[in-house]
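Taking it in order: structure first as structure tokens, then the write-up.
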Number of protein chains: 2
Amino acid sequence: MAIESEATREKVLKAAERLFSKNGFSGASLRQITEEAGANLAAVNYHFGSKEDLYKEVLLRRVRPMNEERLTLLAQAEQLAGEQPLPLRAILDAFIRPLLSRATDRAPGGLSFLRLISRELADPQPFLFDEMAREFDPLVKRYTHAFAQTLPGLPPVDLFWRMQFTTGTLLYAAARQHDFERISSGLWKADDVEGCMRRLVDYCTAGLGAPRSAA
Amino acid sequence: MAIESEATREKVLKAAERLFSKNGFSGASLRQITEEAGANLAAVNYHFGSKEDLYKEVLLRRVRPMNEERLTLLAQAEQLAGEQPLPLRAILDAFIRPLLSRATDRAPGGLSFLRLISRELADPQPFLFDEMAREFDPLVKRYTHAFAQTLPGLPPVDLFWRMQFTTGTLLYAAARQHDFERISSGLWKADDVEGCMRRLVDYCTAGLGAPRSAA
DNA sequence: GTCTATATCATGATAGAC
DNA sequence: GTCTATCATGATATAGAC
């Protein structure tokens with residue numbers, strides 16, 4: 001039945017998300033995953049074809065809506081600004097929020113997904129590289145253009161680096177949401193994602209707009 | 001013989017560094033490693049005891065001198081500055097250089113080590129967590145103090161975040177040195193590590209010293 | 001110290017009954 | 001669609017010869 005099939009599929013995806021997030025692609029076995037899902041070992045191959053394809057689906061089903069959200073928020077901000085170039089803060093907020101907000105989502109997968117996507121982008125799986133590049137390409141192009149408009153004097157190579165630095169900052173913040181409370185020695189509480197986001201935007205706004213030092 | 005023993009040990013460490021870096025801890029097998037090293041499978045257990053202990057040694061033998069260098073550079077900069085608090089740039093340079101300079105080292109392991117240590121810090125292996133914490137603790141304390149001196153008005157929680165953001169920026173830059181040339185579409189050449197470092201310092205200096213926005 | 005040989009177990013994948 | 005059973009392979013680790 002389609003209904004039961006969907007239920008099993010969903011349970012497997014959920015368990016896979018958690019275990020891939022915790023142990024990485026090669027560190028999580030299909031046996032662990034199907035056991036935690038309460039499904040049969042053979043279900044993975046039936047529903048997804050292979051472990052790699054399961055991993056791909058775990059990621060893409062969350063990445064796609066997230067990136068659409070990022071593009072939508074940017075478009076909305078631009079409409080609001082009219083002819084003016086967007087303030088840096090506005091671009092960054094549109095870029096960061098759809099990712100970090102998932103740290104508090106009641107929706108499934110929040111923290112797991114953050115850790116997973118951070119690991120994948122900082123340390124890509126070769127078999128997924130092309131598909132991820134295709135998925136992120138419109139986003140990169142679109143935001144590069146927005147940043148370039150707001151920072152007209154910045155040479156392309158510097159903009160490239162500053163966007164990379166911003167990405168690194170964001171990914172690390174996302175990857176470690178799950179243990180910042182512990183390592184901050186009580187300075188920060190895990191439910192204050194807004195506080196993290198505000199500080200992240202402060203930091204990256206300054207970094208992107210920094211003066212350039214002499215070579 | 002002690003000499004041959006050392007040679008085998010060294011060959012295994014070198015191969016392990018490359019393969020752990022490329023495929024991660026669980027993605028690299030002892031078979032791969034010993035084969036690439038031209039050593040016997042049993043050599044790993046003889047010399048290191050277990051796969052986990054091999055991994056630990058691969059990391060720590062490079063982390064220890066790197067972190068000593070960071071502490072030394074900071075002390076030297078402080079001596080140079082006398083009574084004055086250090087400029088942000090000087091602290092950052094001392095923090096960043098001993099890591100990123102390894103991207104060009106003729107010495108073995110440069111790029112591999114960068115990728116490996118970045119992955120380990122952004123996504124720690126549980127079995128190594130305590131030992132890494134112990135190894136990095138003096139560094140964190142020392143640099144936190146230096147930053148706090150130079151940024152006297154900054155509340156501790158904000159300093160915590162900004163140091164985390166700086167760490168994330170640095171680790172991502174380190175992790176991807178090996179393919180920035182490719183993904184920059186020709187904007188940047190891999191031999192220009194100085195250029196990367198200068199831009200990284202520009203970015204983080206601005207971020208650490210950024211104005212704080214209202215909550 | 002280094003090797004061969006092997007023990008023991010986990011892995012991803014699939015064939016075929018239901 | 002889901003199950004059991006199994007295959008072929010590869011994993012870490014170790015015992016014991018040399």
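A, B, ... follow the sequence lines: proteins, then strands. Residue 1 opens every chain. Side chains included, hydrogens not; waters and symmetry mates left out as well; all remaining heavy atoms used. Since the model is a prediction, treat every value here as computed from it, not as a measurement.
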With a cut-off of less than 4.0 Å, is there a side-chain N or O of [X] near OP1 or OP2 of [N]?
| X | N | result |
| --- | --- | --- |
| B:Arg31 | D:dG10 | no |
| B:Ser29 | D:dG10 | no |
| B:Asn40 | C:dT4 | yes |
| B:Thr8 | C:dG1 | no |

Length of the line joining [X]:[atom1] and [N]:[atom2], which is rounded to integer Å:
| X | N | atom1 | atom2 | answer |
| --- | --- | --- | --- | --- |
| B:Tyr46 | D:dA17 | OH | P | 17 Å |
| B:Leu41 | D:dT12 | CG | P | 8 Å |
| B:Glu35 | C:dT2 | CD | C1' | 17 Å |
| A:His47 | D:dG1 | NE2 | C1' | 7 Å |
| A:Asn23 | C:dA10 | CG | P | 16 Å |
| B:Phe20 | D:dT12 | CZ | P | 8 Å |
| B:Phe48 | C:dG1 | CZ | P | 13 Å |
| A:Ile33 | C:dA13 | CD1 | C1' | 14 Å |

[X] has a side chain; which of [options] sits nearest to it?
| X | options | answer |
| --- | --- | --- |
| B:Ala42 | D:dG1, C:dA13, D:dA15 | D:dA15 |
| B:Asn45 | D:dC3, D:dA13, C:dA13 | D:dA13 |
| A:Leu30 | D:dA13, C:dA13, D:dT2 | C:dA13 |

Earlier contact from the 5' end, DNA chain C, for B:Ala43 and A:Val44: B:Ala43
Flag for A:Arg199-A:Tyr203: side-chain donor and acceptor within less than 3.5 Å: no
Min side-chain heavy-atom separation B:Val193-B:Met197 under 4.5 Å: yes
B:Arg162 side chain reached by B:Leu154 side chain, heavy atoms, under 4.5 Å: yes
Mutual orientation of the aromatic rings belonging to B:Phe127 and B:Phe25 [parallel < 30°, tilted 30-60°, perpendicular > 60°]: tilted
Value rounded to 0.5 Å, distance of CG in A:Asp137 from CD in A:Glu135: 10.0 Å
